[in-house]
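Input: a single structure, listed below in structure tokens.
The sequence lines fix the lettering, A, B, ..., with proteins before strands; numbering per chain opens at 1.
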There are 2 protein chains.
Amino acid sequence: MAVRPAGRRRTAILGAAARLFAEHGYRGVSIDDLGRAVGTTGPALYRHFPGKQALLGEVLVDVSDRLAGRGRELVARAAGAEEALDALLRGHIAFALDEPALITVHDRELGNLTAADRRRVRRLQRGYVEQWVGVLAELRPGAPPAVLRAAVHAAFGLLNSTPHSRGELSRPQMAQLLLDMGRAALTVPAAPPS
Amino acid sequence: MAVRPAGRRRTAILGAAARLFAEHGYRGVSIDDLGRAVGTTGPALYRHFPGKQALLGEVLVDVSDRLAGRGRELVARAAGAEEALDALLRGHIAFALDEPALITVHDRELGNLTAADRRRVRRLQRGYVEQWVGVLAELRPGAPPAVLRAAVHAAFGLLNSTPHSRGELSRPQMAQLLLDMGRAALTVPAAPPS
DNA sequence: GAGGGGTGTTAATGCTCACTAACATCTGCG
DNA sequence: CGCAGATGTTAGTGAGCATTAACACCCCTC
């Protein structure tokens, strides 16, 4: 095949894995499927990865790492809490729209990881959530942290729903809609009595 | 076993299937797992259902049917659009909190259905979404239907995130939080220029 | 031009799993 | 009683699949 740049095949495999895992689920994708998707046979994968589970692990650790890193960066760069929340929302929305497969795998396949990988991913996710919670705590000083954490998780559910409901909207329309909805949901005033 | 009421075992199997499919995914649950969960061996299931896929089909059609039916009923009973939206939100939230397994399976396992079952479930889901869209159209007369549909799907993502992020909140706290966030997200005014 | 690392192929191997067969048990009914 | 239907059980059976073995090729370097 004579592909020069080291790791081209590797990254192709990771991309195919993310796409196929998102579409059919980890257990619904075979090694042969993965090989076929990158133009080889199944067992060729073992030249690049120790096994199927390691593949999933790499995908999940990578996306968690990117999200957490980006989150930290955006918050650090922002002038105030309001601006930081906006940046987090825009960043997450862009990610969800650009990489729907990664977002899907990220919140469905945690259970198929090695215990060690699961720990790593969980730690990264927790860090990312805490970025959001920290920003929200400034905007809603009265709210208890447990409420803010739950609110952030719910907002992720909203933002991550994109891959399952693309619909007829253009990308900018969808981005704007999610931004408005996410901001409204997260900055809703403290619960009035029902 | 001498269980009197016809269908006790049947409903027990369906309950176990929903729970196990939610936890491990359709493909991560074996017939033996299902049998064990209801106190029999695996093959005993075939006395009650033609196969594993039929089991999933029954679970998904049933939950879709209940949601759609409940939605129609709530909207019909409500006095106005505002009240109808509130009823839909409360109904959906109660369902998500009472039956997290059903909600989880409902939006993850569509791909493992028979083509016929998938059609039925899709039709029911569409009907449910249209209830929401109809109500929203009254509250936001200017908005195009495609936007409202996308907004409803996004709101479902928010409400259905419950099972994955129960956290430390009590049930009433979580219900109130989701109600506030959902209402805020759905009634946000038309997008201002960013 | 010989050797070696990197990458690929086809053919096992051994396990899991959905589903079926053959046989048991119980319960109610004539 | 005696039988029938409903419901279980244990042993196949055959397919799919992750992983490994054994072997081939290419390219780079000495």
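- For the pair B:L34 CG and C:dC17 C1', the interatomic distance rounds to 12 Å; values are reported in whole Å.
- Summarising the local packing, CZ of A:R123 is surrounded by 12 or fewer heavy atoms from other residues, nucleotides or ligands at distances under 6.0 Å.
- Salt bridge A:D98/A:R171: present, at least one basic N to carboxylate O contact under 4.0 Å.
- Atom CD1 in B:I13 sits roughly 11 Å away from atom C1' in D:dT7 (whole-Å rounding).
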Only pairs under 3.5 Å count here: list side-chain donor-acceptor contacts from residues 104-115 of chain A, not counting sequence neighbours, and write none if there are none.
unit_1 : atom_1 : unit_2 : atom_2 : d
A:T104 : OG1    : A:P100 : O      : 2.9
A:H106 : NE2    : A:S64  : OG     : 3.4
A:H106 : NE2    : A:Q125 : NE2    : 3.1
A:R108 : NH2    : B:D107 : O      : 3.2
A:E109 : OE2    : A:Y26  : N      : 3.0

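- Atom CZ in A:R36 sits about 15 Å away from atom C1' in D:dA18, given to the nearest Å.
- Rounded to whole Å, the distance from CZ on A:R10 to P on C:dG8 is 13 Å.
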Can you give each donor-acceptor pair under 3.5 Å made by side-chain atoms of residues 129-136 of chain A, sequence neighbours left out, with the distance rounded to 0.1 Å?
unit_1 : atom_1 : unit_2 : atom_2 : d
A:E130 : OE2    : A:R149 : NH1    : 3.4
A:W132 : NE1    : A:Y128 : OH     : 3.3

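- Between A:T41 and C:dT9, a side-chain N or O to OP1/OP2 separation shorter than 4.0 Å is present.
- Judged as a side chain to side chain contact (heavy atoms under 4.5 Å, CB included), and not counting sequence neighbours, the contacts of A:T162 are A:A96, A:L97, A:M174, A:L178.
- Whole-Å rounding puts the B:L45 CG to C:dA18 P distance at 10 Å.
- Residues that satisfy the side-chain hydrogen bond (donor to acceptor under 3.5 Å, both in side chains) test with B:E83, not counting sequence neighbours, are absent from this structure.
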Checklist outcome for this item: Whether each nucleotide of nucleotides 19-24 of chain C has a protein heavy atom under 4.0 Å at its base (B), only at its sugar-phosphate (S) or at neither (-) is summarised, 5' to 3', as BB-B--
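- Across the protein-nucleic acid pair, B:D33 atom CG and C:dT16 atom C1' stand 11 Å apart, rounded to whole Å.
- For the pair B:D32 and B:R36, the salt-bridge criterion is not met [side-chain N within less than 4.0 Å of a carboxylate O].
- Outside the 6.0 Å centre-distance limit, the rings of A:H164 and B:F156 are not counted as a close aromatic pair.
- Residues from residues 19-30 of chain B with heavy atoms under 4.0 angstrom of DNA chain C, sorted by number: B:V29, B:S30.
- Using a 4.0 Å cut-off, some side-chain N or O of B:H48 falls inside it from OP1 or OP2 of D:dG8.
- Residues B:L124 and B:L67 fail the side-chain proximity criterion, which asks for heavy atoms closer than 4.5 Å.
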